[in-house]
Engineer: 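Mind having a look at this structure? Questions to follow.
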Amino acid sequence: MKDTIKIGDHIIGSERAFVIAEIGNNHNGSFDRAIQMIDQAVEMQADCVKFQMRHLDQLYRKKSIKKSGEDLGTEYVLDLLRKFELTVGEQEKLSDYCKEKGILYLCTPWDIKSAKILETFNVPAYKVASADLTNIPLLEFLVKTKKPLILSTGMSTSEEVVYTADILSQKGAEFVLLHCNSTYPAPLHDINLNWMHELRKIHPLVGYSGHERGTNVTLAASTLGACIIERHFTLDRNMEGPDHAASLTSNEFQLMISGIREIEESKGSGGIRELSQGEMINRENLGKSLVASRNLKKGDILNENDIKVLSPGQGLSPQKYNDLLGRTLNHNMDEEDFFYPSDLSDHLIEPRAYEFDRPWGVPVRYHDFNEYNKKIKPDVWEFHLSYSDMELNLSDYFKEDFEADFVVHAPELFSGSHLMDLATPDKSYREISLRETQKVIDITRKLKKYFPQTKRPMIVANIGGFTMDSILPEKIISSYYQQFSESLKELDLEGVELIPQTMAPFPWHFGGQRYQNIFVRIEEIIEWAEKLKLRMCFDVSHTQLTCNHYKLDFYDFAEKIAPYTAHLHLGDAKGLNGEGLQVGEGEINFDRLGSILKEGCPSASFIPEIWQGHKNGGEGFWIAMEKLEGKI
């Protein structure tokens, strides 16, 4: 049996549920109301709208149709069906309208005559009502169309479901079974949602057709892996007809779909527990590490008096405490210095003279610059500023001139928990960003005194354009770029060059996720780089995450951004938030990327941008440089 089937362009059984907005007869016989509901379904972002078609003379006994002694329930249903049925011509127009609106049209045939008519509409699949799960003649006709079937299982026993599933499987049909309770609305205690597990033993493709009040049970069905979700919706729950009471309004339906998509995104793949980027940030700040209890010397044999546990979590995990005991220290340590994984190894990674075909460098802070300067002589230093660094006296850290170029990486966070945002429409917020950014520019000019060979130093910046709760609508993105353009005019950039970096869709601020809206997509970057005469910092890790999220070709992106690239941040990446990974631990093929960069931006400088690469004397940077040599 297949684990997936295709309906239109949708793969049923993939990680994304196929959502059916069941209109059924909730149009109450009004063609115009049906059109209105299709429009709402498109706005709700449903994958499909579904109607019903029936011919009463094919469905009911003549005695029933003539109201000759049938019970009141059947008589009531027949009256409503006569009243609310659309004509075949109207159904065909609805099918055509759905094609115009880009949403799938499905229709439940309640009889073979209706199915034959729907075949002339070229529908992509058939929905079988719960009442017809046992209707073998109808099912045999539908199987012959060779189209996928979606079958609700309400009102049927386990044995009946198994019987029908076996027949369909024997005939080679592609089908999905929907767990369903056929009452309107369904009481919660009758739904038995866990029967979806049993249903999956009968057939692998299982969905849910709900008639309960609200959306919580349907969302729970999504967590249980429903590959199809079907719910009725209505314009007014108080309208005449049995289905309205069990239907959702368009607002409720839209929230349900949003909830389903959030659940799908959050479910993950299971398997190995991996830390997210946000967790790694918070672990660094809040976690615990093993540190030296006192000053230690190379050659000391470590005992319990030499080691203690303190925050932050930037060093060796306390779980390695026993592994450290008895080890011979291979370097000197000051009191409260972190222990690192290398302290459990006999091999210490040290930098050397690297050879690249382009200017290379490393990221540093003021306080560790002199330590690094004793170890290596790069072509360029990239100074990563924090808001507290902006208050420091440069002469306390620089005592001479240096024969290297330099780049400044502007802080993303300024004092007062103010994130840099030169693109915000909030005037007062932007004014603070302008003031703080001008300070960064002034500091950069002062740094030129110590690095005289740098004629026009670059300032790498995340210039803002982020939002808290969702991505901005596409139609207003350009206004944020325009705000950034105005900011550039208000900054005194004499003697320096501001280069925005390519951004990932989901930056991390204050240990939580935000949404990035500008300098993410390649078409916008090129458009505004040309308009504003900007060069870019190509952060390859950010861009890999962008391409993963938007399902873009990373190497195509690299070819397009390369001619605009002045500086490179090189680190690996995987998934949607695996940022700044060590080279070779993510998804980027650096041999292929290197060929693109040699062609598109042969003189652009680079640094290794590895998460916490500075720890243990820059160990992560030296590992990256070893891996990049010969590729970039």
Side-chain angles (χ1 to χ4, degrees), residues 258-259 261-266 268 274-286 384-387 409-434 436-437 440 460-484 487 498-522 524-525 528 536-552 569 571 573-581 609 611-612:
S258 177
R261 301 304 176 220
E262 288 182 5
I263 288 168
E264 289 168 345
E265 188 173 352
S266 69
E274 294 184 346
L275 299 187
S276 69
Q277 185 71 16
E279 282 186 306
M280 287 192 288
I281 293 170
N282 288 336
R283 175 173 171 147
E284 291 281 332
N285 296 329
L286 304 174
H384 284 218
L385 301 186
S386 70
Y387 63 82
H409 195 305
E412 290 189 9
L413 177 66
F414 295 121
S415 61
S417 300
H418 184 99
L419 293 164
M420 177 191 274
D421 195 345
L422 298 174
T424 177
D426 184 328
K427 184 178 179 181
S428 61
Y429 199 98
R430 189 168 69 93
E431 286 176 351
I432 297 172
S433 291
L434 283 167
E436 297 299 317
T437 303
V440 175
V460 177
N462 171 11
I463 52 78
F466 52 83
T467 44
M468 177 71 76
D469 296 320
S470 62
I471 293 288
L472 289 170
E474 193 170 326
K475 62 185 178 182
I476 68 171
I477 293 287
S478 62
S479 68
Y480 278 68
Y481 281 106
Q482 194 59 50
Q483 287 288 352
F484 174 54
S487 294
L498 188 68
I499 58 170
Q501 62 178 331
T502 59
M503 296 300 299
F506 309 112
W508 295 95
H509 298 150
F510 310 115
Q513 184 199 69
R514 302 293 189 273
Y515 295 86
Q516 182 69 36
N517 296 285
I518 61 177
F519 291 105
V520 176
R521 295 175 180 266
I522 185 59
E524 295 170 5
I525 293 172
W528 286 93
M536 296 293 299
C537 172
F538 178 18
D539 188 306
V540 303
S541 182
H542 288 170
T543 296
Q544 179 67 64
L545 300 183
T546 291
C547 293
N548 288 347
H549 177 66
Y550 290 110
K551 296 179 172 54
L552 305 173
H569 284 174
K574 67 178 178 180
L576 297 181
N577 61 17
E579 175 187 340
L581 302 183
E609 185 81 318
W611 169 248
Q612 295 298 346

Engineer: So for atom CD, which belongs to Glu265, do other residues, nucleotides or ligands contribute more than 12 heavy atoms lying within a distance under 6.0 Å?
Structural biologist: no
Engineer: How many angstroms lie between atom CD of Gln483 and atom CZ of Arg430, to the nearest 0.5 angstrom?
Structural biologist: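 Rounded to the nearest 0.5 Å, the CD-CZ separation comes to 5.0 Å.
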Engineer: Please find the pair of heavy atoms, one from Ala410 and one from Val440, that lie closest to each other, and give the distance.
Structural biologist: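 Heavy atoms of Ala410 and Val440 come nearest at CB-CG1, 4.0 Å.
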Engineer: Could you tell me the separation between the CG atom of Leu581 and the CD atom of Glu579, rounded to the nearest 0.5 Å?
Structural biologist: 9.0 Å
Engineer: Looking only at heavy atoms, what is the nearest atom pair of Tyr481 and Ile525, with distance?
Structural biologist: OH-N, 4.3 Å
Engineer: Mind checking the CG-OG1 spacing from Leu472 to Thr467? Nearest 0.5 Å is all I need.
Structural biologist: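 One finds 4.5 Å between CG of Leu472 and OG1 of Thr467.
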Engineer: What distance separates Asp421 CG from Glu412 CD, expressed to the nearest 0.5 Å?
Structural biologist: 11.0 Å
Engineer: What's the separation between atom CD in Glu284 and atom CG in Leu286, rounded to the nearest 0.5 Å?
Structural biologist: 10.5 Å
Engineer: Please name the residue in the list Ile432, Leu413, Thr437 that meets the side-chain contact (heavy atoms from CB on, under 4.5 Å) test with Met420.
Structural biologist: Thr437
Engineer: For Tyr515 together with Phe506, are the ring centres under 6.0 Å from each other?
Structural biologist: yes
Engineer: Are Asn285 and Ile281 close enough, and set up right, to give a side chain to side chain contact (heavy atoms under 4.5 Å, CB included), and what steps lead you there?
Structural biologist: CA-CA 6 Å; Asn285 296 329; Ile281 293 170; 3.9 Å; yes
Engineer: To the nearest 0.5 Å, what is the distance between CG on Asn517 and CD on Glu524?
Structural biologist: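 Asn517 CG to Glu524 CD: 9.0 Å, rounded to 0.5 Å.
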Engineer: Take Asn462 and Phe519 through the test side chain to side chain contact (heavy atoms under 4.5 Å, CB included) and record every step on the way to the result.
Structural biologist: CA-CA 9 Å; Asn462 171 11; Phe519 291 105; over 6 Å; no
Engineer: Spell out, as yes or no, whether a donor-acceptor pair under 3.5 Å connects the side chain of Asn548 to the backbone of Leu576.
Structural biologist: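 No, Asn548 side chain to Leu576 backbone: no donor-acceptor pair under 3.5 Å.
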Engineer: For the backbone of Leu419 and the side chain of Tyr429, can you confirm whether one donor and one acceptor N or O come within less than 3.5 Å of each other?
Structural biologist: yes
Engineer: Counting only heavy atoms not in Arg261, do more than 12 sit closer than 6.0 Å to its CZ atom?
Structural biologist: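 Count over threshold, so yes.
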Engineer: Would you say Gln516's side chain and Gly464's backbone share a donor-acceptor pair under 3.5 angstrom?
Structural biologist: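 Here the side-chain-to-backbone pair exists.
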Engineer: For Ala423 versus Ile518, what's the shortest heavy-atom pair and its separation?
Structural biologist: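 What the structure gives for the nearest pair is CB-CD1, 3.6 Å.
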Engineer: Kindly give the heavy-atom pair with the smallest separation between Val520 and Tyr550, and that separation in Å.
Structural biologist: CG1-CE1, 4.0 Å
Engineer: Run the side chain to side chain donor-acceptor pair (under 3.5 Å) check on Asp426 and Ser428 step by step: do they pass?
Structural biologist: CA-CA 6 Å; Asp426 184 328; Ser428 61; 2.9 Å; yes
Engineer: Might you point out which heavy atoms bring Thr424 and Tyr480 nearest each other, and give the distance in Å?
Structural biologist: CA-CE2, 4.3 Å
Engineer: Check this for me: does any side-chain nitrogen of one of Glu274 and Lys574 sit under 4.0 Å from a carboxylate oxygen of the other?
Structural biologist: yes
Engineer: Ser541 and His569: side chain to side chain donor-acceptor pair (under 3.5 Å), yes or no, with the steps?
Structural biologist: CA-CA 8 Å; Ser541 182; His569 284 174; over 6 Å; no
Engineer: Compare every heavy atom of Pro500 with every heavy atom of Met536, then report the nearest pair and how far apart it is.
Structural biologist: CE-O, 3.2 Å
